[in-house]
Amino acid sequence: IALCQADKDLDASIATLDTAMGINNTDPVALRLRAEYHKKAGHADLAARDIESALQLWQNEIVWHKTVAELWAKLGNDVKAVQHWKIAYENKSDDIESGLHLAQGFVAIGENEKAINLLLELTKNNPNQPELWETLTDAYLADGKTSDALETSNKASEVNPFSVKPYLLRAQARRRCYRWQKQTNK
């Protein structure tokens, strides 16, 4: 019934699921479905809560971990986002997307060394992925490793010369080098 209502009225669909789940609220599929309706209705916090509940019942649903990680990041809870990206990446370490988001999350919470180590591994195995090089540049900049940031921004622009981001990152790194030189020459 909730699936039929979803096309017309998300609130009615959620209410139908709430009624059905009142009988048995341990159905991970129903929780996940309700989360999707909450997400469509613009209630990311409720969607994240429902997916968290579903994951307590079915911990190995990697796609659910990715979805809730995106929701937590959208809500500004980078720590929870990192927890879920980490689970997704550990269960499928060849998933570049999960590794990239995990590294970005590490940078967001200030764990730059973890981001750098992960990105070095990812770029070694996927040297033609410009987003990896760009994120590695971000991590180096966040960690104050300006010369490494310059080097990786060059690599990012070699891999994708049409992207503006590596050039902007390079300019940022050069500006930091210039400021540092200016301060040390005083």
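A side-chain donor-acceptor contact under 3.5 Å links H65 to the backbone of Q59. Looking only at distances, a side-chain donor or acceptor of T137 sits under 3.5 Å from a matching main-chain atom of S153.
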| said: Could you walk me through whether H84 and E52 satisfy the side chain to side chain donor-acceptor pair (under 3.5 Å) test, starting with their C-alpha distance in whole Å, then the side-chain angles of each, then the deciding distance to 0.1 Å, before giving a yes or no? | reply: CA-CA 10 Å; H84 288 283; E52 290 272 358; 2.8 Å; yes
| query | Under the side chain to side chain donor-acceptor pair (under 3.5 Å) criterion, do E134 and S163 qualify, and how do the steps go? | reply | CA-CA 10 Å; E134 292 167 358; S163 175; 3.2 Å; yes
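The minimum heavy-atom distance linking A156 with W133 is given by the pair CB-CB, 3.6 Å. Taking all atoms of both residues into account, the shortest heavy-atom contact from P28 to A54 is O-CB, 3.7 Å. Contact record, A103 with L119: CB-CG, 3.6 Å, taken as the closest heavy-atom pair. The heavy-atom pair separating L122 from G99 by the smallest distance is CD1-C, 3.7 Å. Closest heavy-atom contact between A149 and A173: CB-CB, 4.2 Å. In plain terms, the two heavy atoms of L120 and Y140 that are nearest each other are CD2-OH, 3.7 Å.
The CG atom of D50 lies 11.0 Å from the CH2 atom of W64; values are rounded to the nearest 0.5 Å. Atoms CD1 and CG, on I109 and N77 in that order, are 10.0 Å from each other to the nearest 0.5 Å. Atom CG of L118 is separated from atom CD of Q104 by 10.5 Å, given to the nearest 0.5 angstrom.
A salt bridge is absent between E61 and R32; no separation between the charged side-chain nitrogens and carboxylate oxygens falls under 4.0 Å. Ion pairing of K165 with D138 is present here, as a side-chain N (NZ or NE/NH1/NH2) and a carboxylate O approach within less than 4.0 Å.
The aromatic rings of H38 and H43 sit perpendicular, their planes meeting at an angle over 60°, well past the 30° parallel limit.
Side-chain contact check for E97 versus E131: every heavy-atom pair is 4.5 Å or farther apart. Looking only at side-chain heavy atoms (C-beta outward), L31 and I51 stay at 4.5 Å or farther from each other. At least one side-chain heavy atom of S157 sits under 4.5 Å from a side-chain heavy atom of R170.
Annotation for K86: atom NZ does not count as buried by contact number, only 12 or fewer foreign heavy atoms lying within 6.0 Å. Residue E151 qualifies as open at atom CD: its count of foreign heavy atoms under 6.0 Å is 12 or below.
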